Structure formats: C-alpha cells, structure tokens
Amino acid sequence: MTGARKAGAFIADAQERRVAQSILDLWSAELAASSQAPLGEFESVLLAPFDATQKRDERDEAAAANNKDDQHALIRLAAMARQWRDSDKQSGYLLTGATIEEAARFKNRDRNLDMFIKASEDARERRKRNIAYAVLTALAVLGSLATVFISQFFALPQTSKSWIHTIKVTTSSETQIQRLWWLELSQPWSPPYDFSGTEKLANIHYPELELKAGMSRVLLNF
C-alpha cells in the first residue's frame, strides 16, 4: 500500500490520479473488511501529491502506460468479483473465454479476485467436460442407430435369405425347425420372406408358426 501511495508523486494527469486513487480505495476497503485487519487501526490511504521534481525515463513512461491499462482492468475485474460474491457466487457472474486469461494476470493481488478467477476457471473446465460428454453420447447414439440400420436393411435380410436357402436344401428336420424359429424371431424387423421354390416340408412339429411370405400372412401348422 505504501508503494502504491508513493506512485502518486509521478502521476500528474487528473484522470489518471482518480483511477489510481480508486485502486487505493478498493484495496483499502478490502483490507478493512479482512478478518485479519486490526480493529480501530485502519486508516484510508490517499495517493501522494504530484511532485514535479520527480522524473521518469522512457522505460518508466512505457511502464506507466502499461500500468494505466492494468489499473483499469484490475478495477473492472475487482468490481466483477465483488458483484459475484454479493450474488451468493452465482455462476452467471463468472468470467468466460479470453477474459479468464486476462484476469489470471492479476492473481495473488486480491483474495476475492483470486477466488473469482479460480471459480471461473473451474466453471470453464466443467463446460469442457460437459461438451465432451455430450459429443461422446451423441456419437454413441449415432453408432447405435447406424448399427440398427445396417442390421435391419442389410445384414438381417441377407441372413434371412441364408436361413431360407438352408431350409430348402437341407433334409434335416431339426435344422429346418431351427431356421424357422430364427425366421419367426426376426419377422418383426424383416420384410416378407420369399419361400418360392420351397418343396413341401415334412416331419416338422412347430405348432402355430406364423410367418409373412410375399403379400400374405401364412399360418403353418406342422
């Protein structure tokens, strides 16, 4: 605080002095509200008066220009941090995007500002995780839909044709019953079956087998 107060000796511009004093007032208020501040021993810190005899070199001038921008940013961020704290730390007041990186430059200058920056960084990481989870979920759903589509319109019809072909060429009634059972099980997801050219089946016991063949529903009792 003492060093900040002495900086007033190098500031001649009235507007810059008001900005600098605002920063001192902000820090003073935070210090007064701190639980570590001794009761009855706090005094407001005023900016030192301008001293025309003080001189700065070109590096000082450049640093002063940068410091002016930092002062404005710090005041703005400190005000936002206080607003967030006073709102019971609602997430809508947190920083987003590049503003978080800008604010990170002022870490370790103010406890409330540090908490504000940390909460904003944590919220950003949660958003990233939520987006990643949403993308993975969407990919999983699309993968499932693609699997169902391929199964129903490509794999299952070809498999059904293979089962029907087996029924036509085999002489094993047990094999025929197994293929008929699979055809019945797959019927809800398959188009009508083509049994054309199939010879009469014999020695098959499969009560109430119901299959769609061509344009008609055929009830087969064996």
Side-chain angles (χ1 to χ4, degrees), residues 1-39 41-51 54-143:
M1 293 290 288
T2 302
R5 178 184 181 279
K6 291 181 179 180
F10 299 93
I11 303 176
D13 183 77
Q15 183 176 356
E16 291 185 11
R17 291 186 63 82
R18 284 195 295 271
V19 172
Q21 184 61 57
S22 297
I23 295 177
L24 286 177
D25 293 341
L26 172 64
W27 290 345
S28 297
E30 293 293 342
L31 181 60
S34 173
S35 59
Q36 301 177 354
L39 296 176
E41 297 183 11
F42 175 78
E43 294 181 0
S44 178
V45 178
L46 298 177
L47 195 66
F50 172 66
D51 186 350
Q54 300 287 347
K55 295 182 179 180
R56 295 184 293 192
D57 56 25
E58 293 182 356
R59 289 176 300 177
D60 292 333
E61 293 292 344
N66 292 332
N67 187 52
K68 177 181 177 180
D69 293 336
D70 287 347
Q71 289 172 351
H72 290 166
L74 180 57
I75 291 175
R76 177 173 55 84
L77 290 169
M80 295 173 67
R82 182 179 289 103
Q83 189 177 24
W84 167 72
R85 183 192 63 190
D86 294 343
S87 71
D88 198 21
K89 301 182 179 180
Q90 295 184 20
S91 60
Y93 290 91
L94 293 174
L95 302 172
T96 58
T99 311
I100 298 178
E101 304 303 328
E102 177 188 352
R105 299 188 296 112
F106 301 100
K107 284 183 176 180
N108 302 322
R109 296 194 185 187
D110 177 80
R111 184 174 63 87
N112 286 327
L113 183 57
D114 288 345
M115 295 173 58
F116 181 54
I117 295 172
K118 179 65 166 56
S120 299
E121 292 173 340
D122 292 344
R124 178 179 60 184
E125 293 304 315
R126 285 194 298 272
R127 285 193 296 271
K128 289 181 178 179
R129 288 195 298 268
N130 291 339
I131 292 174
Y133 293 153
V135 170
L136 291 176
T137 301
L139 291 176
V141 171
L142 290 175

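Keep in mind that what you see is a predicted model, and the values were worked out from it rather than measured.
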message: Run the salt bridge (charged side-chain N to carboxylate O under 4.0 Å, His left out) test against K107 and tell me which residues pass, sequence neighbours left out.
response: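 K107 satisfies salt bridge (charged side-chain N to carboxylate O under 4.0 Å, His left out) with E121 once adjacent residues are dropped.
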
Solution key, residues 123-134 side-chain donor-acceptor pairs under 3.5 Å, sequence neighbours excluded:
unit_1 : atom_1 : unit_2 : atom_2 : d
R124   : NH1    : E101   : OE2    : 2.7
R124   : NH2    : E101   : OE2    : 3.4
N130   : ND2    : R126   : O      : 3.3

field: Rounded distance [0.5 Å steps], CG in D122 versus OG in S91
entry: 12.5 Å

- prompt: Rounded to the nearest 0.5 Å, how far apart are CD1 of I117 and CZ of R109?
  reply: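 Between atom CD1 of I117 and atom CZ of R109 there are 10.0 Å.
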
- prompt: Can you tell me how far CZ of R82 sits from CG of L77, rounded to the nearest 0.5 angstrom?
  reply: 12.0 Å

field: Spacing of K89 atom NZ and M115 atom CE [to the nearest 0.5 Å]
entry: 3.0 Å

message: I want to check something: taking the side chain as every heavy atom from C-beta on, are L95 and M80 in contact at a cut-off of under 4.5 Å?
response: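 Side-chain contact under 4.5 Å: yes.
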
message: salt bridge (Lys or Arg N to Asp or Glu O under 4.0 Å), that's the test. Do D114 and K118 meet it? Break it down for me.
response: CA-CA 6 Å; D114 288 345; K118 179 65 166 56; over 6 Å; no

- prompt: Applying ring pair (Phe, Tyr, Trp, His ring centres under 6.0 Å), which residue pairs with at least one partner in residues 88-119 are found, sequence neighbours left out?
  reply: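 Listed by first then second residue: W84-F116.
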
- request: Supply the atom-to-atom distance L113 CG to N108 CG, rounded to the nearest 0.5 angstrom.
  value: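 L113 CG to N108 CG: 10.0 Å, rounded to 0.5 Å.
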
